[in-house]
Amino acid sequence: MRRLPIYFLIDVSESMVGDPINQVQDGIATIIQELKTDPQALETVYISIIVFAGEAKTIVPLQDIISFYPPKFPIGSGTSLSKGLGHLMHDLRKNLVKTTEHQKGDWKPIVFLFTDGVPTDDSTSAIKEWNNNWSKTANLVAISLGDGADISLLKNLTVNILKLENTDSSGYREFFKWVTDSIKTSSESVESNQSGFELAKLDSDNISNIDLNKQEQATYVDDNFVVLSGMCQNTKSTYLMKYKKVIKQSNFGGIELGTKSYRLNGAFQVGESYNELSDGKSIQKTVNTAELVGAPTCPCCGNQIAFAVCQCNQIHCIGDEKVTTCPNCGNKGQYEAGSGGFDVNRTQG
């Protein structure tokens, strides 16, 4: 039986930390569970998962459904679509079985690209390579998780761009059901249409086709979220504080105005894989604390204040101790609550 390779290329940048990455992780597990009940999918579908942040890696190599065990998804700094695509193309080149005189090769692979933000690097070369060498060899479907993805860039990759409108748990459930149905439909149609590419019908208000004529401006920092990186004073573990952009509309003297702020979405401990998947770039981008609404406790040790800023400009947590030691630079000092806003370093998101 010829294989139908299904690749999931998933953005695991800092803006995905918390509920979004948990929803994707649960969604992939649900897809596999459903496909294991489908005889045609069991025979034809092979699945691989590649994640990308500032770096990219394969967390599940191409394998049949029976052997597949849903992985735990990591988080990294940055959103390097170029490295994600580069890693994908390397994997396709390495693992796809080609048709020869003596054997039938794999069916045309299907790639589902999930992203919730904008790339933080220049993806021009990778997109050009994809279009030159792979756009006719593989089918790529790009899905914006929410409205933060860079559509103007994605439309250079594929005409199949969709958006998940509602990113709560019910929205994700509907979305992953649609992905599952699309894989089943494709696995059933490979023999008849020779491409194995047939997306399921969109019958949900939560999933929509993107208007490719809409122009979007690319940026190298994902401004839909502000993500701050901190270090736990007690455990030395890295944690992320995630704020989501909110625009408050107002009318001043008959002029409609929009005031931007970022509301706390949560604080999350990240493992050692965070550094492995981060590109190590130091961006000179800051956000003023006056724009941030809410302050979390430390997700690593439970200290009441996760948002203390040392003289070295690094963020860490503090508790009831009289003298605090910065886990980044070792500086010892006493902290007091400040008044007014001040600038702090932000990640690429």
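For this chain, numbers begin at 1 and follow the sequence in order.
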- Query: Would a line drawn from the ring center of Tyr274 to the ring center of Phe268 be shorter than 6.0 Å?
  - Reply: no
- Task: Determine the minimum heavy-atom distance between Gln25 and Pro71, stating which atoms define it.
- Result: CG-O, 3.6 Å
- Message: Just by distance, no angles: are the side chains of Asn345 and Thr286 close enough, under 3.5 Å, to form a donor-acceptor pair?
- Response: no
- Taking C-beta and beyond as the side chain, do Leu81 and Thr115 meet within less than 4.5 Å on heavy atoms? no
- Okay, side chain of Tyr243, backbone of Gly266: is any donor-acceptor separation there less than 3.5 Å? no
- Message: I need the Cys326 SG to Asn331 CG distance, nearest 0.5 Å.
- Response: 6.5 Å
- Query: Is Val323 reachable from Met231 through a run of I, L, V, M, F, W or Y residues, each pair having side-chain heavy atoms under 4.5 Å apart?
  - Reply: no
- In terms of hydrophobic clusters joined by side-chain contacts under 4.5 Å, are Leu96 and Leu85 together? yes
- Message: What I'd like to find out is whether the side chain of Met16 reaches to under 4.5 Å of the side chain of Leu145, using heavy atoms alone.
- Response: yes
- Query: Would a distance-only check, ignoring hydrogens and angles, find a side-chain to backbone donor-acceptor pair under 3.5 Å from Thr58 to Val60?
  - Reply: no
- Is a side-chain donor-acceptor pair under 3.5 Å present for Glu14 with Thr347? yes
- Query: At what distance, to the nearest 0.5 angstrom, does OH of Tyr172 lie from CG of Asp19?
  - Reply: 8.5 Å
- Taking all non-hydrogen atoms of both residues, which atom of Phe225 and which atom of Arg346 are closest, and how far apart? O-NH2, 2.9 Å
- Query: Within the distance-only criterion (no hydrogens, no angle test), does the side chain of Ser278 pair as donor or acceptor with the backbone N or O of Ser77 below 3.5 angstrom?
  - Reply: yes
- Just wondering, are more than 12 heavy atoms of other shown residues or ligands nearer than 6.0 Å to CG in Asp320? no
- Would one find more than 12 heavy atoms of other residues, nucleotides or ligands at under 6.0 Å from atom CD of Gln63? yes
- Item | Any side-chain donor near an acceptor of the partner, Lys332 and Thr325, under 3.5 Å | yes
- Message: If you compare all heavy atoms of Ser123 against all heavy atoms of Pro119, which two are closest, and at what distance to 0.1 Å?
- Response: OG-CB, 3.9 Å
- Query: Rounded to the nearest 0.5 Å, how far apart are SG of Cys312 and CG of Asn328?
  - Reply: 5.0 Å
- According to the interplanar angle, ranging from 0 to 90°, do the rings of Phe176 and Phe114 count as parallel (below 30°), tilted (30 to 60°) or perpendicular (above 60°)? perpendicular
- Item | Within 45° cone of Phe52 ring axis and under 6.0 Å: Lys57 NZ or CZ | no
- Exam field: side chain Lys242 to backbone Val17, donor-acceptor pair closer than 3.5 Å: yes
- Short side-chain to backbone donor-acceptor contact, Thr297 and Ile305, under 3.5 Å: no
- Is there side-chain contact between Asp11 and Thr79, with heavy atoms separated by less than 4.5 Å? yes
- Stepwise side-chain contact (heavy atoms from CB on, under 4.5 Å) check, Leu157 with Ser135: CA-CA 8 Å; Leu157 273 172; Ser135 60; over 6 Å; no
- Query: What residue among Thr120, Asp121, Thr124 forms side-chain hydrogen bond (donor to acceptor under 3.5 Å, both in side chains) with Ser82?
  - Reply: Asp121
- So with a 6.0 Å cut-off around CD of Gln103, is the heavy-atom count from everything else above 12? yes
- Task: Determine, stepwise, if the pair Phe112 / Ile183 fulfils side-chain contact (heavy atoms from CB on, under 4.5 Å).
- Result: CA-CA 10 Å; Phe112 289 97; Ile183 294 174; 4.0 Å; yes
- Do you reckon Val293 sits in the same ILVMFWY cluster as Leu228, going by side-chain contacts under 4.5 Å, direct or chained? no
- Message: Against Asp106, only a single residue in Arg3, Arg2, Lys98 fulfils salt bridge (charged side-chain N to carboxylate O under 4.0 Å, His left out); can you say which?
- Response: Arg3
- Query: Do the charged groups of Arg173 and Glu34 touch, with an N to O distance under 4.0 Å?
  - Reply: no
- Query: Taking atom types as modelled, is there a side-chain donor on Asp64 or Ser67 under 3.5 Å from an acceptor on the other?
  - Reply: yes
- Task: State, yes or no, whether a side-chain contact exists between Leu113 and Ile10 at a heavy-atom distance under 4.5 Å.
- Result: no
- Message: Restricting to non-hydrogen atoms, name the atom on Pro74 and the atom on Ile59 that form the minimum distance, rounded to 0.1 Å.
- Response: CD-CD1, 4.4 Å
- Does Ile318 share a hydrophobic cluster with Val309, counting links as ILVMFWY side-chain heavy atoms below 4.5 Å and allowing steps through other members? no
- Hey, are the side chains of Arg93 and Trp134 touching, using non-hydrogen atoms and a 4.5 Å cut-off? yes
- Would Lys260 and Glu291 count as a side-chain contact (heavy atoms from CB on, under 4.5 Å) if you check the C-alpha gap in whole Å, the side-chain angles of each, and the deciding distance to 0.1 Å? CA-CA 7 Å; Lys260 182 173 70 174; Glu291 296 182 79; 4.0 Å; yes
- Item | Exceeds 12 heavy-atom contacts within 6.0 angstrom, atom NZ of Lys177 | no
- Contact check, side chains of Ile110 and Pro5, non-hydrogen atoms, under 4.5 Å: no
- Approximate separation, where rounding is to 0.5 Å, of Ser186 OG and Leu199 CG: 6.0 Å
- Is the shortest heavy-atom distance from the side chain of Ile75 to the side chain of Ser273 under 4.5 Å? no
- Task: Report yes if the distance between the aromatic ring centroids of Tyr335 and His316 is under 6.0 Å, otherwise no.
- Result: yes
- Might you work through the side chain to side chain donor-acceptor pair (under 3.5 Å) test for Asp91 and Tyr7, ending with a clear yes or no? CA-CA 10 Å; Asp91 198 281; Tyr7 279 84; 2.6 Å; yes
- Message: Nearest 0.5 angstrom please: Asn131 CG to Asn156 CG, how far?
- Response: 7.5 Å
- Single-linkage hydrophobic cluster, 4.5 Å side-chain cutoff, Trp107 and Phe68 together: yes
- Query: For atom CZ of Arg263, is the number of surrounding heavy atoms from other residues, nucleotides or ligands below 6.0 Å larger than 12?
  - Reply: no
- Query: Do you know the tightest heavy-atom contact between Trp178 and Val141?
  - Reply: CH2-CG1, 4.3 Å
- Taking atom NZ of Lys36 as the centre, does the number of heavy atoms from other residues, nucleotides or ligands within less than 6.0 Å exceed 12? yes
- Taking the side chain from Lys245 and the backbone from Val226, do they hold a donor-acceptor pair closer than 3.5 Å? no
- Worked check of side chain to side chain donor-acceptor pair (under 3.5 Å) between Glu321 and Thr324: CA-CA 6 Å; Glu321 67 279 354; Thr324 296; 3.0 Å; yes
- Point-to-point distance, once rounded to the nearest 0.5 Å, from CE of Met241 to OH of Tyr239: 5.5 Å
- Task: Taking the side chain as every heavy atom from C-beta outward, state whether Asn133 and Met89 have any pair of such atoms under 4.5 Å apart.
- Result: no
- Under the side-chain contact (heavy atoms from CB on, under 4.5 Å) criterion, do Phe8 and Ile50 qualify, and how do the steps go? CA-CA 6 Å; Phe8 291 100; Ile50 296 172; over 6 Å; no
- Between Thr137 and Pro109, what is the shortest heavy-atom contact and its length? O-CD, 3.3 Å
